[in-house]
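Below, chains carry the letters A, B, ... as their sequence lines are ordered, and counting in each starts from 1.
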Protein chains: 2
Amino acid sequence: MTVERSAPPTISEVAAEAGVGRATAARTLGGYGYVSPELRSRVLAAAERLGYRANALARSMSTGVSHTLGVIVADIGNPFFAGVVRGISDASRARGFDTIVLSTHESLDEEIAAMHVLIDKQVDGIVVASAALGPKTSAHIAEAWSRGIPVVLVDRAVPGLELDAVVIDNREAAREAVTALIAAGHRRVGFVWGPPIAGRPDRRRDLVDAAARNLWTDGERLRGYLDALDDAGLPFDADLVMVGEKTEERAIAEVERMLGLDDRVTALFCTETDAVTGALRAIRATGFRVPADVSLIGFDDSSWAAVMEPPLTMIEQPMLALGTRAAEVLLALIDGAPRSQPDGAFRHTLDTRLVERSSVAPPSA
Amino acid sequence: MTVERSAPPTISEVAAEAGVGRATAARTLGGYGYVSPELRSRVLAAAERLGYRANALARSMSTGVSHTLGVIVADIGNPFFAGVVRGISDASRARGFDTIVLSTHESLDEEIAAMHVLIDKQVDGIVVASAALGPKTSAHIAEAWSRGIPVVLVDRAVPGLELDAVVIDNREAAREAVTALIAAGHRRVGFVWGPPIAGRPDRRRDLVDAAARNLWTDGERLRGYLDALDDAGLPFDADLVMVGEKTEERAIAEVERMLGLDDRVTALFCTETDAVTGALRAIRATGFRVPADVSLIGFDDSSWAAVMEPPLTMIEQPMLALGTRAAEVLLALIDGAPRSQPDGAFRHTLDTRLVERSSVAPPSA
DNA sequence: CTGTTAGCGCTTTCAA
DNA sequence: TTGAAAGCGCTAACAG
């Protein structure tokens with residue numbers, strides 16, 4: 001008892017039905033070339049009658065353009081990336097492009113595989129939040145380019161890769177946040193969600209090196225933290241930075257540790273949502289209070305942060321704008337705009353905003 | 001100073017390079033048919049040398065399958081849908097399918113357009129969280145089916161449409177939550193995020209009718225609320241349900257109103273994240289406290305809810321599972337599994353969980 | 001302005 | 001086993 005269905009009508013059938021040549025049907029239905037009003041309406045009527053719909057694949061086959069963009073992110077389920085993808089999606093849809101989105105689960109191998117999928121599917125361009133750390137790990141990106149597929153980076157720049165990248169100034173945003181903490185009087189501010197390394201580095205330099213070997217955004221945020229310390233002439237203390245796996249559990253453990261130090265932390269800078277919630281749990285578990293006992297600023301504002309008790313001071317990232325901008329840059333490239341200059345990559349830096357609420361107060365005496 | 005790039009190598013070029021017929025190259029590269037080890041390795045070597053990559057479009061053209069799934073949701077930027085999409089994406093990727101995702105911004109017209117885009121792009125199947133209210137507004141879904149493209153619904157069933165639908169039991173989940181509130185002693189519980197209608201309906205029946213003319217999930221949740229009231233023998237009071245636009249602002253206004261009633265609300269059931277944050281803001285603005293003055297339960301648990309002060313009791317939806325399950329059902333359909341039975345649609349109902357935390361307490365005397 | 005013809009790159013009979 | 005040739009549905013020259 002299956003539904004009866006014949007093969008979808010092709011343009012030839014429409015032409016036959018309308019009693020015109022195939023090209024004429026193609027011209028009116030494809031919206032190109034000249035067709036007399038007379039034939040035009042006959043074709044349209046025939047198409048209507050048959051329920052004709054163009055086969056986009058066949059069209060792409062002969063034109064060489066798919067009107068499809070590829071998007072590669074670590075995790076489409078993450079609200080941040082979801083927002084970015086929404087931006088890309090809206091901006092490209094407005095220009096007639098659809099998007100294929102692939103999640104890499106933060107794995108470089110999956111990112112490479114994703115890139116191949118997109119190349120094979122003949123997308124017209126790709127925007128990627130890459131896990132690549134430098135030119136040596138980004139051959140797949142260069143490969144897309146060499147095959148004529150423009151690529152723009154979003155959220156994460158790749159040091160040494162001369163490509164358009166739509167990002168925020170993570171370093172400056174972090175510095176601003178930590179500076180605010182210091183300005184409130186804090187001298188012991190913890191950094192939550194550090195580089196995922198096993199041991200605790202003794203020297204500041206080792207930490208920076210480790211960060212450079214990991215996610216670009218994380219490294220930049222760490223540098224911004226260090227910058228703020230330097231600006232204020234505060235000493236660096238390895239005990240105040242979280243190391244190890246980037247999980248909420250680990251954040252809880254690390255923050256509890258920092259809170260248990262003889263010269264305990266009085267303020268926390270959290271670089272991601274899970275770091276914030278982890279820190280909050282740790283603070284609560286140890287009986288401290290925000291902001292009376294410990295101040296806190298986190299990355300990635302959300303509607304929840306505003307209804308917390310107390311409302312949280314957060315760094316707001318322009319998620320949608322990152323996406324729309326990336327799509328615009330990519331679309332321009334597809335239209336033939338010149339790519340990055342030989343003397344350095346184009347960096348499109350979008351503004352962040354420190355949304356001041358009530359989680360920052362002077363340290364208790 | 002542009003990068004030199006020749007047209008990507010085709011299978012013919014690989015064949016020539018390997019000194020074999022085109023079909024032989026196609027057979028080894030396509031992984032089908034028989035090829036002698038001898039020629040096989042020669043082809044592979046040639047492909048490697050030329051940097052050959054299959055053109056998936058051309059392949060789809062001749063095989064008729066695109067190994068691509070279409071996904072239509074209201075807003076990919078919404079964490080809930082992002083989670084669902086992540087589930088779909090992971091499950092389908094594991095089976096070699098990629099996904100094109102389209103956001104409709106909750107507009108039926110955009111949904112119809114999206115459906116056409118996917119049909120034109122020859123996707124092998126579609127999963128949609130539809131805004132359609134019934135058979136009359138879901139012609140586009142039937143159209144996809146009639147063209148041989150399987151469709152499965154996710155999150156939102158469409159009454160009267162006999163299609164596989166992967167959903168949760170919204171009515172039961174709502175009833176459970178409201179029952180918990182009533183069990184705590186509340187007799188005046190408000191319903192936040194009601195049907196988007198202009199005026200306040202006098203009669204309960206008008207409200208239910210209005211709900212039926214709107215989003216399926218919303219209607220079900222309202223029915224569950226009503227069920228709980230009935231179970232407990234509590235009277236329905238139109239003043240306790242929010243009506244109007246579904247925005248956080250409106251929720252704030254409505255909750256403030258309910259809190260200002262002579263016989264004010266002492267508990268709130270919020271059907272969505274923004275309803276929860278709106279309610280929280282209103283409660284705070286009016287000087288009340290959770291749960292001392294007003295209890296609250298909301299839909300869509302998140303990591304934030306657990307770190308609120310107090311931690312919020314919430315209904316947890318299996319976002320990822322909704323997605324993976326929908327993908328599995330769709331993939332099975334693509335594989336030729338029989339679709340819904342003539343005597344009713346297949347409903348795949350996933351469990352929700354009421355995560356009890358501390359936002360529910362007996363009403364204050 | 002319209003129709004004919006030749007591809008786009010791949011798969012798939014069909015002979016050899 | 002392998003190769004030649006046809007065809008998927010559409011666009012794009014090129015005549016007419």
Listing, residues 21-29 of chain A side-chain donor-acceptor contacts under 3.5 Å, not counting sequence neighbours, or none:
none

Do we see a donor-acceptor contact under 3.5 Å between the side chains of [X] and [Y]?
X: B/D164; Y: B/H348; answer: yes
X: B/E111; Y: B/S130; answer: yes
X: B/K121; Y: A/T68; answer: yes

Grab the two heavy atoms, one from B/A82 and one from A/I76, that are nearest each other, plus how far apart they are.
->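 Nearest pair, atom of B/A82 first, then A/I76: CB-O, 3.4 Å.
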
In a check of side-chain contact (heavy atoms from CB on, under 4.5 Å) between A/V128 and each of A/L153, A/V71, A/V73, which one passes?
->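 The passing option is A/L153.
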
Per-nucleotide protein contact string for nucleotides 9-16 of chain D (B base, S sugar-phosphate only, - none; heavy atom under 4.0 Å) | BBBBB---

Spacing of [X] atom [atom1] relative to [N] atom [atom2], expressed in whole Å:
X: B/R42; N: D/dT2; atom1: CZ; atom2: C1'; result: 12 Å
X: A/K121; N: C/dG9; atom1: NZ; atom2: P; result: 19 Å
X: B/L50; N: C/dG9; atom1: CG; atom2: P; result: 14 Å

D/dT2 phosphate, OP1 or OP2, under 4.0 Å from B/S36 side-chain N/O =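 It does, given that an N or O in the side chain of B/S36 lies less than 4.0 Å from OP1 or OP2 of D/dT2.
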
